[in-house]
Protein chains: 2
Amino acid sequence: MVQGQRDNPDGRERLVRTAFVLFAEKGFDSVTVRDIAAASSVSVGLINHHFGSKDGLREAVDEFFIAQFEDAITGAATQELSTTLDPAEVIDAWIERHADDWPTIVAYFRRALLEESDWGFSLFQRFYGFVQATVMRMDAAGQIAPDVDRLWLPFLMMYLEIGTMVFDPYIKRVLGRSGYDRDLWQRRHRAYMSLIRRGTAGRRAAD
Amino acid sequence: MVQGQRDNPDGRERLVRTAFVLFAEKGFDSVTVRDIAAASSVSVGLINHHFGSKDGLREAVDEFFIAQFEDAITGAATQELSTTLDPAEVIDAWIERHADDWPTIVAYFRRALLEESDWGFSLFQRFYGFVQATVMRMDAAGQIAPDVDRLWLPFLMMYLEIGTMVFDPYIKRVLGRSGYDRDLWQRRHRAYMSLIRRGTAGRRAAD
DNA sequence: TCAAATACTGCACATTTGTTCAGTTTAGTC
DNA sequence: GACTAAACTGAACAAATGTGCAGTATTTGA
């Protein structure tokens, strides 16, 4: 039936995957239905047949993105929390697994944030909830000094987490390579953890 | 003659200021020349008369923005560095002075960064240079531990600085008010300084 | 094998949008 | 007050773009 179509890369699915890449690259408004149809090797009419409108296609692509993103992020998060492996190894494995789609996912993520759509907000909110949970866990473990601002800390940590996603195109131009290159990404993770724990100066009291 | 026009808010200047606000609110592509002309109470033709094209207008608006932004940022930075006043007072004065234009400036800044245009990159680069200089100054003053990653630190600090600019629309929806509200902005600044200096745990060694 | 449902095509249409340009108004100069 | 240059207008134009739809091909189920 209709659902069966999603298995083989024909028509509907090819449109979604192609549109996903094009939207990520150029933004929703800058991509025409003719571009998408041509890149998918189908006719323009097929878009409206399956999705009703260009906006309908966008919704489908949004869902597709969420699935990809969710998979990549929460997969990594739960893995990092639940395993006793060396974090560096976990990161390695994660990069290895998402090397291909990650740039597109990041690019799409950027667009979503820029557009201030409702679902972009829900994405932000989910991220916020995740970081907030991390903060509460750290707090319960006594890793956060009493005079640290509990309101801003989660936001600041979010900035640090999302920063590379949002600014990677510029990182690339400053450093000559992506912040998601294996070694750079690992270094970033260590630098991030270090900054969170003890800032730039002095060494932390215990542990 | 031509230059004299810039003094009184007629025609050309009104177009630039209006377009600045509209671009910041909706983005370049989503604003039509007719929107701009109508909001400026002039005819469509005048845009091409003065700027040659819609892109010409954008360039003029970019220049206008840079002037505003430069003024606001570097003014605050130099003031904060050179005065012996309480930083809180400096921030207060700064907020007071830019309360009106700041939201528009921030919104335009968001668009510029997320569009990946060349001049958006130069904006990023300028910011990067500024933060890097701060890091070097801190380093020279011995405020940075030897094992801190010198490559990532400037970027991470940038994320913290720019974060509120880029994500303020979402902050607004999470907290119910802008991160640039007087007290929130002050708290953010303190939280930022604290995080940079000593992280979340322990107290710093000296000072 | 037949029929109905669904995938798919591609042209036509209406709307939007940036640009052009011939004409009009305004402001400065001698 | 006449002359000129610049500011300004607004209708017309062409290109681009999303959508509708009548028709064709393909798949599905009995």
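Just so it is clear: chains get the letters A, B, ... in the order the sequence lines come, proteins before strands, and each one is counted from 1. Atom set for the values below is all heavy atoms of this structure, side chains included, hydrogens, waters and symmetry mates excluded.
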Could you state the atom-to-atom distance from [atom1] of [X] to [atom2] of [N] in whole Å?
X: N48(B); N: dC21(C); atom1: CG; atom2: C1'; answer: 11 Å
X: H50(B); N: dT19(C); atom1: NE2; atom2: C1'; answer: 16 Å
X: I47(B); N: dT17(C); atom1: CD1; atom2: C1'; answer: 12 Å
X: L46(B); N: dC21(C); atom1: CG; atom2: P; answer: 17 Å
X: R34(B); N: dG10(D); atom1: CZ; atom2: C1'; answer: 10 Å
X: F51(A); N: dG18(D); atom1: CZ; atom2: C1'; answer: 15 Å

D35(B) and T32(B): side chain donor to acceptor below 3.5 Å = yes
task = Indicate, with yes or no, if the rings of F65(A) and W119(A) have centres closer together than 6.0 Å.
result =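 Ring centres of W119(A) and F65(A) closer than 6.0 Å.
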inquiry  = Under 6.0 Å between ring centres: does that hold for Y128(B) and F155(B)?
reply    =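 Ring centres of F155(B) and Y128(B) closer than 6.0 Å.
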task = For K54(A) and for V42(B), locate the closest nucleotide of DNA chain D by heavy-atom distance; then report the residue assigned to the nucleotide nearer the 5' terminus.
result = V42(B)
inquiry  = Once rounded to the nearest 0.5 Å, what's the spacing between atom CZ of F28(A) and atom CG of L57(A)?
reply    = 7.5 Å
request  = Using a cut-off of strictly less than 4.0 Å, decide whether H49(B) has a side-chain nitrogen or oxygen near OP1 or OP2 of dA6(D).
outcome  =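 Looking at the OP1 and OP2 atoms of dA6(D), neither is under 4.0 Å from any side-chain N or O of H49(B).
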